[in-house]
2 protein chains.
Amino acid sequence: MRASKRHVEDWLLQPPRGMNDWTPDKYYSLITVASKLSRVAESFGYSAIETPALEHFEVLKAKAGEEVINEIYYLKDKAGRELGLRFDMTVPVARVLSYRRDFPRPIRLYYVSKVWRYDEPQFGRFREFYQFGVEHVGSPTVQSDAEVLALAVKSLESVNLPQLTVKVSDRRIMDQLLDKMSISTARESVLRILDKRGKVTDDELIKLLIREGIDKTKAESLVAIASTRTPIVNSTGELRELGVGDDLINYVESLVNALTDYGVLDRVYLDLSIVRGLDYYTGFVFELYTDKIKLAVGGGGRYDELLKVYSGEDVPAVGFAIGIERVMLALSEEQGGVPPVDYYVYPMESSYYGMGVRIAEKLREIGLRVIVDVGKPSLRSALEYAARIKARKFIIIGRREVEKGVVRVRDLETWSEEDVPLDKILK
Amino acid sequence: MRASKRHVEDWLLQPPRGMNDWTPDKYYSLITVASKLSRVAESFGYSAIETPALEHFEVLKAKAGEEVINEIYYLKDKAGRELGLRFDMTVPVARVLSYRRDFPRPIRLYYVSKVWRYDEPQFGRFREFYQFGVEHVGSPTVQSDAEVLALAVKSLESVNLPQLTVKVSDRRIMDQLLDKMSISTARESVLRILDKRGKVTDDELIKLLIREGIDKTKAESLVAIASTRTPIVNSTGELRELGVGDDLINYVESLVNALTDYGVLDRVYLDLSIVRGLDYYTGFVFELYTDKIKLAVGGGGRYDELLKVYSGEDVPAVGFAIGIERVMLALSEEQGGVPPVDYYVYPMESSYYGMGVRIAEKLREIGLRVIVDVGKPSLRSALEYAARIKARKFIIIGRREVEKGVVRVRDLETWSEEDVPLDKILK
């Protein structure tokens, strides 16, 4: 082949930084994982939704929090509209439900969607990635919280995510404790600092808190509180000791009961350092972990104030999102693969091409994947090609075969051959 | 519910102009249509691919043509990279194949992907839309052209697109005719003007051509040539009369033979006004029409020069893309819908919630869609809700039932009820 001057530089041939090309060798795994996750959401009665990749920038930034807003891919369209690529699906779904008030509530929705965040790429962190998630909108009950958490766990169990654990906290618990300690300023910053627990040392956390104006004793107790990590089934004693009120203790007890009913209790821990990076959470929050990768594979919680931002109406809601690429990184086994080509049809002469097509069409009708050779390669190179694309069987249509009214079928795994009567295939 | 001050203005609650929210009532139709189209591509041995929504702007504009370049959603990321949302999948796939030269050729790929074009929205024209399409890369033969056209037709037949016709042309034919008429300048503009045939009057076309510097007689013959529209099976006589050379006549004859083998010939017309808006086409081009909507539902052709732009290597290729929203607009019947909820489980008291969950989990295991009530509504409002979301059956767990070791199952279509023993469900 003739090589001419390149028009586009080599580095531009790669996808933009932090984004992935999903060639078939990888894409079918993604499809398989996404289908398994979706099937669990379907079984819980959730229905699929999708929204535009682009949203009005004002919608995106309304309740995202500064950190996430800085990660939005922002653009102005030719009419001067300020738009941005969505960074999650919770915000777009909240927007949709604010004008589709005709859906009976509670509304159960799920999605498998791309989202975009301009973040520093690293292992398991991409600038374009897929989220599987659900939104359960219109119910304030602990049963809704439990349903959503159980659905998250069961979806990850359906793909055999190894060593799955869930860390649960509640923004209301931290609020009560901060109240008790008379910490009224910089609460969001305090929570964000505590959220770093495990990533930086406790000493470092204390220093950061002091820098926010918290005195040393309080900073130390806060870090001690954030170190609470106990199976949720045993957590109420500890919460009582910390001085958490009866209402929240009762809530945790009800949550424990419901999680027991779902058979997921033993995976769930109370971990008061969990905050979640998004400003829209208001109560129950959780993160999903596997011991295979350090980053959370997902998380969620209750966001009772978000819909009001769009519609002015108070609507309680709870949901979660799972990063599908992270799940795939944590799975040791290949999930699905490119489906095999069942037959490769090779007409020895171009006058037999029509017969090849008719045979192929018959086999396709019964659900098989069939390729008809479109070139004029030698039999040998056609066989090589068919083997490389992992075709299972190779059909030869030559003069000998046509005269006998058969085709020769070679099994490319066993290399055995047989003549098959044409009328048996074409009938 | 308390209504407070809205933060976000009403018009922002709608998706950005020209884009669609896919709520479940519509999204399942899209999924159904996309699956049927995909199944045909799979049966032809094509494998699924996906790429990032964002591409380097330089990649997008390399061979798109001015009109399309002006429609690109363009942005600079925070590092100053020039990016754009893809306007089709042909360009991204060409980019991927330019660095994945390990795939055995010919390569058969298909996709169901979103693309974005900043165009004036109108009936059937959106700024974000879904394309189903294939790329067949590495073969220059007429059999490849026929395979791709047949695949397009058969995919649309699989969703019962009414009154499907295909208009075929070839850029080489127009090139030969322009050569013969000694028209050497402004060829792209001439082709673009002829492409408007049917949208504006012939007189208008002639005026536009004259404005490009074509003299009146030639302009009139050009419009006459562009008026050629004849079943492709009868077209060779006409082409010969126009003075088209033997090589292209032979090509059309071979195409006719291959289309006959695929059984799609009667849908195909030669129409020399067909040009396609994208600059990357080099030979065979076609457009897909239904009599239900005016716009083409899809189109494609051969683009033997595109891959060279990225890799410097000559690689012949042919493909097509179909606009899924346009197909849906042309289909009279609903395609699929939200899958029904099989069971709605209603525990009369919160102490029966655990039993409700265990029943639901058993039913979900066998593939059913089951919702457990998460609130404390009255039986009546729970029944109303279940009816509104079109649940099929309603399971009541009350004191009477628990004491008898049964659940009451109400069929929400027939309104008949029966007691079902608990151990029959839970075993």
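Protein chains get the first letters and strands the later ones, always in sequence-line order, with residue 1 at the start of each. What's counted below: heavy atoms across the whole structure, side chains too, no hydrogens, waters or symmetry copies.
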**Request:** Answer yes or no: is there an ion pair linking K114(B) with E50(A), defined by an N-O contact shorter than 4.0 Å?
**Result:** yes
**Message:** Nearest 0.5 Å, please: how far is OH in Y74(B) from NZ in K76(A)?
**Reply:** 14.0 Å
**Message:** Is L259(B) close to chain A through its backbone or its side chain, or both, or neither, when contacts mean heavy atoms under 4.5 Å?
**Reply:** neither
**Message:** Less than 6.0 angstrom from the centroid, inside 45 degrees of the normal: does R364(B) satisfy that with respect to the ring of F44(A)?
**Reply:** yes
**Prompt:** So which part of K26(B) gets closer than 4.5 Å to some heavy atom of chain A, the side chain, the backbone, both or neither?
**Reply:** neither
**Request:** Check L85(A) against L85(B) and note the closest heavy-atom contact, atom names and distance.
**Result:** CD2-CD2, 4.2 Å
**Prompt:** Taking atom types as modelled, is there a side-chain donor on D21(A) or Y99(B) under 3.5 Å from an acceptor on the other?
**Reply:** yes
**Item:** Any side-chain heavy-atom pair of L54(A) and E128(B) under 4.5 Å
**Value:** no
**Item:** Interatomic distance, N257(B) atom CG to S351(A) atom OG [nearest 0.5 angstrom]
**Value:** 11.0 Å
**Item:** Min side-chain heavy-atom separation V357(B)-E147(A) under 4.5 Å
**Value:** no
**Asked** Heavy atoms, side chains only, cut-off 4.5 Å: are Y385(B) and P106(A) in contact?
**Response** yes
**Message:** Using heavy-atom distances under 4.5 Å, tell me whether T51(A) contacts chain B through its side chain, its backbone, both, or neither.
**Reply:** both
**Message:** Tell me the closest heavy-atom pair linking D77(A) and R127(B), and the distance in Å.
**Reply:** OD2-NH1, 4.2 Å
**Asked** Taking side chain as C-beta onward, heavy atoms only, is E42(B) less than 4.5 Å from P339(A)?
**Response** yes
**Asked** Hey, are D119(B) and K78(A) close enough for a salt bridge, meaning a charged N less than 4.0 Å from a carboxylate O?
**Response** no
**Message:** What part of F129(B) gets within 4.5 angstrom of chain A, counting heavy atoms only: side chain, backbone, both, or neither?
**Reply:** neither
**Message:** A side-chain contact here means heavy atoms from C-beta on lying under 4.5 Å apart; do Q14(B) and R95(A) qualify?
**Reply:** no
**Asked** Of all heavy-atom pairs between V59(B) and V8(A), which one has the smallest distance, and what is that distance?
**Response** CG2-CG1, 4.2 Å
**Prompt:** Relative to chain A, which segment of D145(B) carries a heavy atom at a distance below 4.5 Å: side chain, backbone, both, or neither?
**Reply:** neither
**Item:** Heavy-atom check, side chain of P52(B) versus side chain of W22(A), under 4.5 Å
**Value:** no
**Message:** One pair to check against side chain to side chain contact (heavy atoms under 4.5 Å, CB included): S43(B) and E361(A). What are the steps and the verdict?
**Reply:** CA-CA 9 Å; S43(B) 81; E361(A) 284 293 295; over 6 Å; no
**Message:** Testing the basics here: between H136(A) and V374(B), what is the closest heavy-atom pair and its distance to 0.1 Å?
**Reply:** NE2-CG2, 3.7 Å
**Asked** Heavy-atom distance under 4.5 Å to chain B: side chain of L151(A), backbone, both or neither?
**Response** neither
**Message:** If you define the side chain from C-beta out and look only at heavy atoms, does anything of P24(B) sit under 4.5 Å from L109(A)?
**Reply:** yes
**Message:** If I compare all heavy atoms of L75(B) with all of Y73(A), which pair ends up nearest, and what's the gap?
**Reply:** CD1-CD2, 3.8 Å
**Item:** Contacting region of V338(B) [heavy-atom separation from chain A under 4.5 Å]
**Value:** side chain
**Item:** Side chain to side chain, P15(A) and H56(B), heavy atoms closer than 4.5 Å
**Value:** no
**Request:** Give a yes or no on whether the backbone of F103(B) and the side-chain of R388(A) come within a donor-acceptor separation of less than 3.5 Å.
**Result:** no
**Request:** Go through the atoms of T23(B) and report whether side chain, backbone, both or neither lie under 4.5 Å from a heavy atom of chain A.
**Result:** both
**Item:** Region of A258(B) that comes under 4.5 Å of a non-hydrogen atom in chain A
**Value:** both
**Message:** Apply salt bridge (Lys or Arg N to Asp or Glu O under 4.0 Å) to residues R100(A) and D25(B) and explain how you reach the verdict.
**Reply:** CA-CA 12 Å; R100(A) 286 301 302 266; D25(B) 45 331; 3.7 Å; yes
**Request:** For the pair Y28(B) (side chain) and A48(A) (backbone), establish whether a donor and an acceptor sit closer than 3.5 Å, ignoring hydrogens and angles.
**Result:** yes
**Message:** With a 4.5 angstrom heavy-atom cut-off, is it the side chain or the backbone of A79(B) that approaches chain A, or both, or neither?
**Reply:** both
**Message:** For R358(A) versus D261(B), what's the shortest heavy-atom pair and its separation?
**Reply:** NH1-OD1, 3.9 Å
